[in-house]
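Only a predicted model underlies this, so the values are computations on that prediction, with no experimental measurement involved.
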Amino acid sequence: MAPPAAHKERTLIAAIGDEDTITGLLLAGIGDIDIHQRPNFLVVDSKTTQGQIEETFTSFTKRKDIAIILINQHVAEEIRGILDEYNAAFPTVLEIPSKDHPYDPSKDSVLKRVQLLLGD
Amino acid sequence: MPDTGAQLTDTKLLQHFATLAQYQHTRERSSAALKQAFFVLAQARRSAGYSRISPDQYSGHAQPIATVNINAMEPDSSDGTMAVARRNEDSGGGVDPLLWFGMLVPPTLREAQSGFVEALDGLVALAQMKRELELQAEAITKSTQENSIKD
């Protein structure tokens with residue numbers, strides 16, 4: 001495992017979500033656009049393709065400056081395949097509710113993993 | 001009398017369930033905080049007009065004022081924490097994103113910002129707990145396998 005010092009560069013909170021979610025999280029202060037003009041957020045709307053979401057998620061997972069990726073649960077469903085395959089410690093991925101899609105515990109990967117552990 | 005392998009696994013399981021309960025409790029609180037923040041944001045939009053609070057106002061030079069500090073984490077331990085760190089402009093942080101939406105913003109937008117700031121703290125805590133649960137599950141699986149080999 002990488003030594004603790006390797007995590008010092010991971011400070012950003014990235015986000016993939018609908019407009020309300022991203023506006024809210026940006027208001028909370030997470031927004032970053034780096035020197036390469038790469039934002040740490042993606043607004044997903046009706047025109048956003050599954051490919052774009054996958055590409056953004058994958059690019060976030062490869063960055064060494066991101067600690068956490070927040071993603072609306074309903075958006076996560078569109079890329080469930082690559083999400084389920086993702087098992088790196090960092091960035092940590094957390095699914096969050098949106099204004100129009102409340103948190104659904106049946107889709108929470110954390111709870112699903114607990115069920116697997118208990119053999120359900 | 002030293003713990004047997006099975007007792008050790010049971011201890012790890014109990015700790016896992018305790019963390020899970022904490023996770024579910026924090027989920028409920030975080031979801032409620034987000035729901036309220038979304039509601040207030042909608043009010044702000046109605047008050048200011050949709051075009052004034054939209055991605056068109058996002059800054060092209062955004063710098064974060066809310067980041068995460070990750071403390072050391074050992075491979076076999078659930079110790080180690082992630083916590084939100086906030087910086088202001090004087091200490092190298094970015095401009096308050098509230099200002100992206102104009103100098104005179106409705107009070108509801110300021111209130112929405114407070115709501116999302118509070119919600120963000122809960123989300124980072126959830127990410128931390130998720131990581132702890134994953135480490136605990138790995139330890140339990142390893143412990144169970146070791147017990148199976150001994151039996």
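- Counting non-hydrogen atoms of neighbouring residues, nucleotides and ligands closer than 6.0 angstrom, the CD atom of A:E54 exceeds 12 such neighbours.
- Here the side chains of B:K130 and A:V93 are in contact, with some heavy-atom distance below 4.5 Å.
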| request: Just do the side-chain contact (heavy atoms from CB on, under 4.5 Å) check on B:L133 and A:R113 with the steps written out, would you? | output: CA-CA 9 Å; B:L133 286 166; A:R113 194 171 290 200; over 6 Å; no
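- In this structure, the portion of A:S109 lying under 4.5 Å from any heavy atom of chain B is its side chain and not its backbone.
- Note on A:T21, A:D34, A:N87: by heavy-atom pairs under 4.5 Å with chain B, the leading option is A:T21.
- The two residues B:P97 and A:L27 come nearest to each other via the heavy atoms CG-O, 3.5 Å.
- Using a 4.5 Å cut-off between heavy atoms, B:T144 makes no contact with chain A at all.
- Contacts of B:L120 with chain A are made by side-chain atoms alone, with heavy-atom separations under 4.5 Å and no backbone atom involved.
- Heavy atoms of B:Y23 lying under 4.5 Å from chain A belong exclusively to its side chain.
- Residues B:K35 and A:P97 form no side-chain contact, since every pair of their non-hydrogen atoms from C-beta on lies 4.5 Å or further apart.
- At most 12 non-hydrogen atoms from other residues, nucleotides or ligands lie less than 6.0 angstrom from CZ of B:R29.
- Atom CG of B:L126 and atom CD of A:E95 lie 12.0 Å apart (nearest 0.5 Å).
- Across all non-hydrogen atoms, the minimal contact from A:Y103 to B:S31 is CB-OG, 3.6 Å.
- Side-chain atoms of B:L20 and A:L111, non-hydrogen and from C-beta on, do get closer than 4.5 Å to each other.
- In the hydrophobic cluster analysis, where Ile, Leu, Val, Met, Phe, Trp and Tyr join through side-chain heavy atoms closer than 4.5 angstrom, A:I79 is grouped together with A:I16.
- Hydrophobic clustering, with ILVMFWY side chains joined whenever heavy atoms are under 4.5 angstrom apart, groups B:M82 together with A:I96.
- Taking the side chain as every heavy atom from C-beta outward, A:T23 and B:F116 never approach each other to under 4.5 Å.
- Counting heavy atoms from C-beta outward, A:D108 and B:R27 have side chains that approach closer than 4.5 Å.
- The neighbour count for B:R110 CZ, taken as heavy atoms of other residues, nucleotides or ligands under 6.0 Å away, does not exceed 12.
- From B:L123, atom CG reaches atom CG of A:L25 across 7.0 Å, with rounding to the nearest 0.5 Å.
- When all heavy atoms of B:Y50 and A:E19 are compared, the closest pair comes out as OH-OE2, 2.6 Å.
- Following chains of ILVMFWY side-chain contacts shorter than 4.5 Å, one cannot reach A:V44 starting from A:I33, and the two form parts of different hydrophobic clusters.
- Interatomic distance, OG1 of A:T11 versus CG of B:N69, reported as 8.0 Å (0.5 Å rounding).
- Of the two parts of B:A37, neither the backbone nor the side chain holds a non-hydrogen atom closer than 4.5 Å to a non-hydrogen atom of chain A.
- If you measure heavy-atom distances from B:L41 to chain A, the contacts under 4.5 Å come from the side chain alone.
- What you find for A:I13 and B:A66 is that their closest heavy atoms are CD1-O, 4.3 Å.
- Both the backbone and the side chain of A:I30 have a heavy atom closer than 4.5 Å to some heavy atom of chain B.
- Within the 4.5 Å cutoff, no side-chain heavy atoms of B:T67 are placed close to those of A:D32.
- By the rule that hydrophobic residues join a cluster once side-chain heavy atoms approach within less than 4.5 Å of another member, A:I68 and A:V75 end up as members of separate clusters.
- The two residues A:Q37 and B:G60 make their nearest non-hydrogen contact at OE1-O, 4.0 Å.
- For the set B:Q57, B:H16, B:R45, the entry with the most heavy-atom pairs within less than 4.5 Å of chain A is B:R45.
- Counting heavy-atom pairs closer than 4.5 Å to chain B, the top residue among A:T92, A:L26, A:L12 is A:L26.
- For a residue to count as touching a neighbouring chain, one of its non-hydrogen atoms must lie under 4.5 Å from one of that chain's; by this rule B:Q24 touches chain A with the side chain only.
- Counting heavy atoms of neighbouring residues, nucleotides and ligands inside a 6.0 Å radius, atom CD of A:E55 does not exceed 12 of them.
- In the hydrophobic clustering of this structure, B:I53 groups with A:V43; members are Ile, Leu, Val, Met, Phe, Trp, Tyr whose side-chain heavy atoms approach within less than 4.5 Å, directly or through other members.
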